[in-house]
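Positions are given from 1, in the same order as the sequence printed here.
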Amino acid sequence: MRTLDNLLLGLDETHLVDMPELNARVHHALVAPLMSLRARAADAGFELKVASSYRSFERQLFIWNNKARGLRPVLNDAGKPMDMGQLSARDKVMAILRWSALPGASRHHWGTDIDVYGAANLDPAYSLQLTVEETQGSGPFAEFHRWLDDELAHSDGHFYRPYAQDRGGIAPEPWHLSYAPLATDFMQALTVDVLRAQLEQTDLELKQTVLDNLDEIYQRFIRVD
């Protein structure tokens with residue numbers, strides 16, 4: 001398999017560097033712009049922290065299989081656990097995809113995407129959930145996200161929110177930032193054929209259903225322009 005394909009699928013980590021100050025692993029090209037964003041957040045009174053950065057194919061596969069096996073909850077749009085036993089195989093796949101990427105198709109595989117939150121003045125006992133409610137109204141990160149809204153609208157365009165809106169695929173994730181200069185090219189390179197070739201040789205729960213519906217999955221849950 002080509003080196004680029006391995007990177008896209010979360011099978012190659014040679015492009016990654018550690019950022020101990022943020023407890024993150026990212027693409028080496030992300031370090032400078034991320035540190036700049038962190039500094040601008042600090043100037044505005046926020047402590048930008050990273051909740052999730054690079055995620056390998058194996059880690060995403062572990063998450064997916066545990067959800068498909070009922071070992072990890074699958075949530076509905078209201079954030080409540082679903083009874084997966086009442087769903088068809090196709091509906092199970094679509095339910096998992098609402099909140100979790102298909103292994104090989106997570107933008108976190110690239111090292112270009114991070115989940116962020118503002119930790120300033122946060123109660124040490126608070127358990128981070130990464131929900132939309134945390135980012136709105138009186139939520140603990142609402143003020144940080146209002147600043148981030150303005151920052152993204154007026155900055156140099158390095159970062160954007162690929163899941164800012166609900167397009168009927170992945171649920172909105174305002175905390176998910178993508179590094180545009182690289183992620184845009186990687187998205188173009190991750191084709192259905194590249195993904196299919198990897199999944200066909202993977203011990204993936206609900207694999208045949210995924211493969212049977214992969215064209216639709218790609219358009220609804222993976223392709224973000």
Enquirer: Judged by atom type as modelled, is there a donor-acceptor pair below 3.5 Å linking the side chain of Asn65 to the main-chain atoms of Asp203?
Expert: yes
Enquirer: Keeping the roles fixed (side chain from Asp18, backbone from Pro20), state whether a donor-acceptor pair exists under 3.5 Å.
Expert: no
Enquirer: Check the side chains of Thr191 and Asp193 for a donor-acceptor pair under 3.5 angstrom, ignoring hydrogens and angles.
Expert: no
Enquirer: Clusters formed by hydrophobic residues whose side-chain heavy atoms approach within less than 4.5 Å: which one holds Leu122, and what are its other members?
Expert: Tyr117, Tyr126, Leu128, Leu130, Val132, Phe141, Trp175
Enquirer: When you compare the side chains of Asp215 and Gln219, does any donor N or O come within less than 3.5 Å of an acceptor on the partner?
Expert: no
Enquirer: Any sub-3.5 Å donor-acceptor pair from Gln60's side-chain atoms to Ala101's backbone N or O?
Expert: yes
Enquirer: Is the side chain of Arg196 donor-acceptor paired with the backbone N or O of Leu214 at a distance under 3.5 Å, no angle test?
Expert: no
Enquirer: Please confirm whether the backbone N or O of Ser53 pairs with a side-chain atom of His108, one donor and one acceptor, at under 3.5 Å?
Expert: yes
Enquirer: Parallel, tilted or perpendicular: which describes the rings of Tyr163 and His176, with under 30° parallel and over 60° perpendicular?
Expert: perpendicular
Enquirer: Between Thr184 and Ala180 (side chain of the first, backbone of the second, donor and acceptor by atom type, cut-off under 3.5 Å), is there such a pair?
Expert: yes
Enquirer: Will you find, in the side chains of Gln136 and Arg146, an N or O donor that is under 3.5 Å from an N or O acceptor?
Expert: no
Enquirer: Please answer whether the main-chain N or O of Gly10 pairs with a side-chain N or O of Tyr54 as donor and acceptor at a distance below 3.5 Å.
Expert: yes
Enquirer: Look up atom CG in Leu190 and atom CG in Asp5, then write down how far apart they are to the nearest 0.5 Å.
Expert: 8.5 Å
Enquirer: Taking atom types as modelled and ignoring hydrogens, do the side chains of Thr202 and Lys207 form a donor-acceptor contact shorter than 3.5 angstrom?
Expert: no
Enquirer: Just say parallel, tilted or perpendicular for the rings of Trp110 and Phe186, cut-offs at 30° and 60°.
Expert: perpendicular
Enquirer: Would you call the rings of His109 and Phe57 parallel, tilted or perpendicular, taking 30° and 60° as the class edges?
Expert: tilted
Enquirer: Taking atom types as modelled and ignoring hydrogens, do the side chains of Asp150 and His154 form a donor-acceptor contact shorter than 3.5 angstrom?
Expert: yes
Enquirer: Check whether the side chains of Arg161 and Ser178 place a donor and an acceptor atom closer than 3.5 Å, and report yes or no.
Expert: no
Enquirer: With rounding to the nearest 0.5 angstrom, report the CG to CG distance, Leu152 to Leu177.
Expert: 6.0 Å
Enquirer: Spell out, as yes or no, whether a donor-acceptor pair under 3.5 Å connects the side chain of Arg98 to the backbone of Gly169.
Expert: yes
Enquirer: Can you tell whether the side chains of Arg25 and Glu13 come within less than 4.0 Å, N to carboxylate O?
Expert: yes
Enquirer: I'd like to know if Arg90 pairs up with Glu216 as an ion pair, taking the criterion as any Lys NZ or Arg NE/NH1/NH2 lying under 4.0 Å from an Asp or Glu carboxylate oxygen.
Expert: yes
Enquirer: Side chain of Asp91, backbone of Leu87: donor and acceptor closer than 3.5 Å?
Expert: no
Enquirer: For the pair Trp64 (side chain) and Glu205 (backbone), establish whether a donor and an acceptor sit closer than 3.5 Å, ignoring hydrogens and angles.
Expert: yes
Enquirer: Just how far is it from atom CD of Gln198 to atom CG of Leu8, taken to the nearest 0.5 Å?
Expert: 11.5 Å
